[in-house]
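Taking it in order: structure first as structure tokens, then the write-up.
Counting convention: from 1, in listed order, for ligands and their atoms alike.
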Amino acid sequence: MCGIIGYIGIKQATPLLLQGLRRLEYRGYDSAGIAVLGQHGISIERAVGRIDNLIDKIGGHTIEGTMGIAHTRWATHGGVTEFNAHPHRGCGEDIILVHNGIIENYRELRKEFSEKHTFVSQTDSEILAHLIESHYDGNLRHSVAQALQHVHGTYGLVVMHRDHPDTLICARMGSPLVIGMADGEYYVASDPTPLLTHTKDVTFLDDGEIAELTREGINIYTLRETRIHKDIQHIDWDDEQAQKQGYPHFMLKEIFDQPTVYKDALRGRIIEDEGTAYLGGLNLTPEEIRNVNRIVFVACGTAYHTGMIGKYIFERLMEIPCEVDVASEFRYRDCVLDEHTLVFVISQSGETADTLAAVREAKRKGAIVRGIVNVVGSTIARETEGGTYIHAGPELAVASTKAYTNMIAVLLLAALEFSRMKKMNVAAGQRMIHALYEIPEKMKKMLEQSEHIKTLAEKHKEYRDFLFLGRGVNYPVALEGSLKLKEISYIHSEGYPAGEMKHGVNALLDPAFPVFAIMTKNSLYEKMRSNIEEVRARGGKIILLATEGDEDARDFSEDIIFAPPTMELLEPLLNTLPLQLFAYHMAVALGRDVDRPRNLAKSVTVE
Ligand code: M6R
């Protein structure tokens, strides 16, 4: 939600900031703006819409200066207008800032300031500039720290002042900020992706911290202005991974990345001789694992669907009760947790506000909390007492694809490791490992059908409603297929467990309501087949995902995609890929903005 980038150094800031904004655009794309401090003062440009609009507005003229801040907005308070675009200024136009988060008491503060200050936007962010202005005493860091004592809410904040051409001040409460260090130059951003071109040495600000960036170095303080030391972390993401590499969209590239990044999730974590896996970061002894008597998966959106799959996996392999909860519900429920409950929080960004709140709630109640996270050093990764990275690399399309796959891969590895400590024998463990090793080649077979799936999407692009059906471990896959379709093509769709159809949903069936059914050969094949017969009997139009060699499946539909067979619990690793491709090709056929669907942002850091 909103992307921030700041730079102080020796190079011209404008091209670096604009390049950074492009990398952050997936976080919000309602408007964008930039402020650069040079010898002739501060230049500001803002534009509604995409970064390209801002670039067009800047046109050929140079915004000169070696320090600046920039922002891409996902609107929360105040409409999508140029006035509401960041950077925001105080009345004197000396203080300029960009903000990500929500200032909850902005109405009260605005009322308090309304007699002496003039507000030009409807945003909650603008009050911060006026607040800092009112506390300004010549020491910018001190003024920001003082002002923030009056703020309730969340912020990732970068501030500059006309009279301080050598200082950027950053502060964090609830909205992520990462500082990148190169030679004589410093960057600050909402996440590491725009920094990768310049440096991989970073430090993540924690809540309640304030950083002073100068050309000589950085100093970090608490909001009470006590100086603190923070470790530098090295991010091993490859800048190449954050480029489109010839694909028309990040989403398509990320779908096609899956066979490769899946191997990264497995790498170094399998002990074949012993038929097990080892996820060291989970930081759990065999004794602790054996003492777990319940697992709760908590996440949002696509990550939540992987939690649902986790439930099937752990119940089958570990024979332990499992629950799944969406984080926005979990955090406010009277959930019963104790020291024998293991809570897996799953998040690509590691910054999702509800998921983070769930981490804190579960810790408060004494549960064992472990993260399954993609972004290294993200808040959830740091706030959990252990966890495992999914190693999917930077995921830039708003629609999550490769992170989903690697979350499932890691859940399978964890279940294998835990189960081998409880009941699974070595031969069963080795069978599962071999099945896991076969997945990348089988994924490639799925991806080779992209053109065929494109044809199916073209054929169905006039339909306004879709139903996705699955059973067992393919029920969450159906939900994921449905979410992908709505998210990027804006077509209404629902995901359902096929066995539930006759309890109400069958009433919707007619030829204008196509059904995408996952009928692969597993323990529920016969049941699923009967459900699809019922759909067919009621005139439902079917697109079928079936297992290679299942020639009977052709009786159900001419629109078939075939998946190679695999172990039942591994099916989501293959079966989701054609659903991702279907949503992708449908969105392209409908002329949608695939990587940046309307009203959404990649990283949901506000509640
Ligand atoms: O970063 P997270 O995994 O915590 O994000 C959770 C959801 O916001 C995310 O999965 C969302 O549903 C995706 N855009 C779906 O494609």
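- For the salt bridge (charged side-chain N to carboxylate O under 4.0 Å, His left out) condition, no pair includes a residue of residues 463-474, sequence neighbours left out.
- The nearest heavy-atom contact from the protein to atom 2 (P) of ligand 1 is Thr352 OG1, 3.3 Å.
- Listed by atom number, the atoms of ligand 1 under 4.0 Å from Lys484 heavy atoms are 15 (C), 16 (O).
- Taking the six-membered ring where the residue is Trp, His249 and Tyr584 present perpendicular rings, their angle passing 60° and hence far from 30°.
- Ligand 1 does not have Glu351 within reach: every non-hydrogen atom of the residue lies 4.0 Å or more from it.
- Polar contact with ligand 1: present for Val398 (N/O pair, distance under 3.5 Å).
- The atoms of ligand 1 that sit less than 4.0 Å from any heavy atom of Ala303 are 3 (O), 10 (O).
- Using bins of under 30°, 30° to 60° and over 60° for the plane-to-plane angle, the ring pair His77/Tyr106 lands in the perpendicular bin.
- For atom 1 (O) of ligand 1, the nearest protein heavy atom (residue, atom name, distance) is Ser349 OG, 2.7 Å.
- Given atom 15 (C) of ligand 1, the protein heavy atom at minimum distance is Thr302 OG1, 3.0 Å.
- Nearest non-hydrogen protein atom to atom 8 (O) of ligand 1 is Val604 CG2, 4.0 Å.
- Every pair tested for salt bridge (charged side-chain N to carboxylate O under 4.0 Å, His left out) that includes a residue from residues 573-582 fails, sequence neighbours excluded, so the list is empty.
- By the 30° and 60° cut-offs, the orientation of the rings of Phe582 relative to Phe466 is perpendicular.
- Aromatic ring centres of Phe314 and Phe297: separated by under 6.0 Å.
- Taken to the nearest 0.5 Å, the NZ atom of Lys444 stands 13.0 Å off from the CD atom of Gln258.
- For atom 3 (O) of ligand 1, the closest non-hydrogen atom of the protein is Gln348 N, 2.7 Å.
- Phe418 pairs in a side chain to side chain contact (heavy atoms under 4.5 Å, CB included) with only one of the listed residues (Leu413, Leu342, Leu317), which is Leu342.
- The shortest contact between atom 14 (N) of ligand 1 and any protein heavy atom is with Glu487 OE2, 2.6 Å.
- Protein heavy atom nearest atom 6 (C) of ligand 1, with residue, atom name and distance: Cys300 O, 3.3 Å.
- Below 4.0 Å from some heavy atom of Ala399 lie the following atoms of ligand 1, by number and element: 16 (O).
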